[in-house]
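What follows is a short report on a single structure.
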Amino acid sequence: MLRLSDVNVKFGKTPVLRDVSMTLPAGQTLAVVGESGAGKSTLIATILGLTKLDKGLITWANVPIKACRPSLVMQEPRAAFNPVLSLRRSILEPLSAKREVISETRLGQLCDRLELPLEMLDRKPREVSIGQAQRAGILRALIAGSPLILFDEPLSALDAVTQKHTAQLIADLQTELGFAALIVTHDLGYAAAFSDDIAVLREGRIEELTPTPAFVQNPQSDYGQELRAAAFALGALEYVA
Ligand SMILES: Nc1ncnc2c1ncn2[C@@H]1O[C@H](COP(=O)(O)OP(=O)(O)O)[C@@H](O)[C@H]1O
Ligand SMILES: [Mg+2]
């Protein structure tokens with residue numbers, strides 16, 4: 001289980017995360033929703049250990065998060081890769097860093113699963129579509145073998161059809177492989193359809209953390225109600241409510 005206890009982060013004197021506490025059980029999906037500037041990317045950077053805690057504790061399975069080595073799937077699929085290297089080099093980098101190898105057979109199986117022809121890995125990021133680059137990003141995260149994968153707006157750079165397909169693919173891979181997913185998104189429709197729990201982040205504070213079906217029926221916080229009403233107005237919740 002991922003556990004954040006009373007996490008505070010400041011940039012200079014400005015608090016960006018304030019008393020953030022949340023849990024994500026192994027294998028489950030927690031969606032963190034909030035508008036731009038709420039602190040979602042900072043939350044991810046903090047869990048990855050890239051941003052210093054001002055106060056608080058982050059653990060996985062009751063030991064400091066560092067030992068868990070969470071993986072990250074980034075928002076801008078092409079920018080997530082070194083532009084001059086083949087996708088293969090970038091994807092295998094987390095393994096080489098640990099002096100581990102993966103067999104071509106296993107790599108081929110994972111590529112099949114992600115609908116990426118193995119030969120495509122010899123291309124550079126700009127030589128594949130955005131959707132393929134995002135699936136390559138997911139492949140890189142999977143290969144590291146972490147029990148926790150963090151997704152920073154994983155669909156926002158994709159077109160509507162590719163969004164749907166990628167959302168379902170992430171969910172299916174979770175069922176098959178068992179990793180926990182923390183997904184930050186401004187898209188409540190996506191969160192509602194694919195998470196176990198929804199946390200609402202506003203100005204660096206958690207306004208509520210609610211099981212998803214209960215949130216879709218009736219959010220606990222005023223701001224949660226506002227987000228839900230806005231998503232309904234856009235038609236984003238009509239399939240789950
Ligand atoms: N490196 C930084 N230095 C100073 N302020 C930052 C830095 N990164 C983000 N911020 C500020 O922190 C707040 C939260 O940003 P961010 O975590 O990127 O939000 P989100 O991902 O929800 O859009 C914003 O007000 C942003 O301007
Ligand atoms: Mg962000």
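Atoms within each ligand, like the ligands themselves, are counted from 1 in listed order.
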Residues that R88 engages under salt bridge (charged side-chain N to carboxylate O under 4.0 Å, His left out), provided they are two or more places apart
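Counting only residues at least two positions away or on another chain, R88 forms a salt bridge (charged side-chain N to carboxylate O under 4.0 Å, His left out) with E104, D122.
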Do you know the tightest heavy-atom contact between V33 and A191?
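Closest pair (atom of V33, atom of A191, distance): CG1-CB, 3.6 Å.
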If every non-hydrogen atom of L87 is compared with every non-hydrogen atom of P125, which pair is closest and at what distance?
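The answer is CD2-CA, 4.1 Å.
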Which protein atoms of type N, O or S are found under 2.8 Å from the Mg ion (ligand 2)?
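For the Mg ion (ligand 2), the protein N, O and S atoms that sit under 2.8 Å away are S41 OG.
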What residue pairs, at least two apart or across chains, pass salt bridge (charged side-chain N to carboxylate O under 4.0 Å, His left out) with a residue in residues 166-190?
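Listed by first then second residue: R113-E176.
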Just the distances, no angles: every ligand 1 N or O to protein N or O pair closer than 3.5 Å, one line each.
{"residue": "ligand 1", "atom": "17 (O)", "partner": "S41", "partner atom": "N", "Å": "3.4"}
{"residue": "ligand 1", "atom": "17 (O)", "partner": "T42", "partner atom": "N", "Å": "2.9"}
{"residue": "ligand 1", "atom": "17 (O)", "partner": "T42", "partner atom": "OG1", "Å": "2.6"}
{"residue": "ligand 1", "atom": "19 (O)", "partner": "G39", "partner atom": "N", "Å": "3.2"}
{"residue": "ligand 1", "atom": "21 (O)", "partner": "S41", "partner atom": "N", "Å": "2.9"}
{"residue": "ligand 1", "atom": "21 (O)", "partner": "S41", "partner atom": "OG", "Å": "3.0"}
{"residue": "ligand 1", "atom": "22 (O)", "partner": "A38", "partner atom": "N", "Å": "3.2"}
{"residue": "ligand 1", "atom": "22 (O)", "partner": "G39", "partner atom": "N", "Å": "3.0"}
{"residue": "ligand 1", "atom": "22 (O)", "partner": "K40", "partner atom": "N", "Å": "2.8"}
{"residue": "ligand 1", "atom": "22 (O)", "partner": "K40", "partner atom": "NZ", "Å": "3.0"}
{"residue": "ligand 1", "atom": "23 (O)", "partner": "G37", "partner atom": "N", "Å": "2.7"}

State, without any angle test, whether S146 and S71 hold a side-chain donor-acceptor pair at a distance under 3.5 Å.
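The answer is no; no qualifying pair exists.
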Could you walk me through whether V32 and T185 pass the side chain to side chain contact (heavy atoms under 4.5 Å, CB included) check?
CA-CA 6 Å; V32 178; T185 177; over 6 Å; no
Which of these passes side chain to side chain contact (heavy atoms under 4.5 Å, CB included) with P77: V128, I130, I138?
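Single side chain to side chain contact (heavy atoms under 4.5 Å, CB included) partner of P77 among V128, I130, I138: I130.
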Taking atom CG of L53 and atom NZ of K10, what is their separation to the nearest 0.5 Å?
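Rounded to the nearest 0.5 Å, the CG-NZ separation comes to 12.5 Å.
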Evaluate the side chain to side chain donor-acceptor pair (under 3.5 Å) criterion for residues E207 and S221: first the C-alpha distance (whole Å), next the side-chain angles of each, then the deciding distance (0.1 Å), finally the verdict.
CA-CA 6 Å; E207 299 269 323; S221 64; 4.6 Å; no
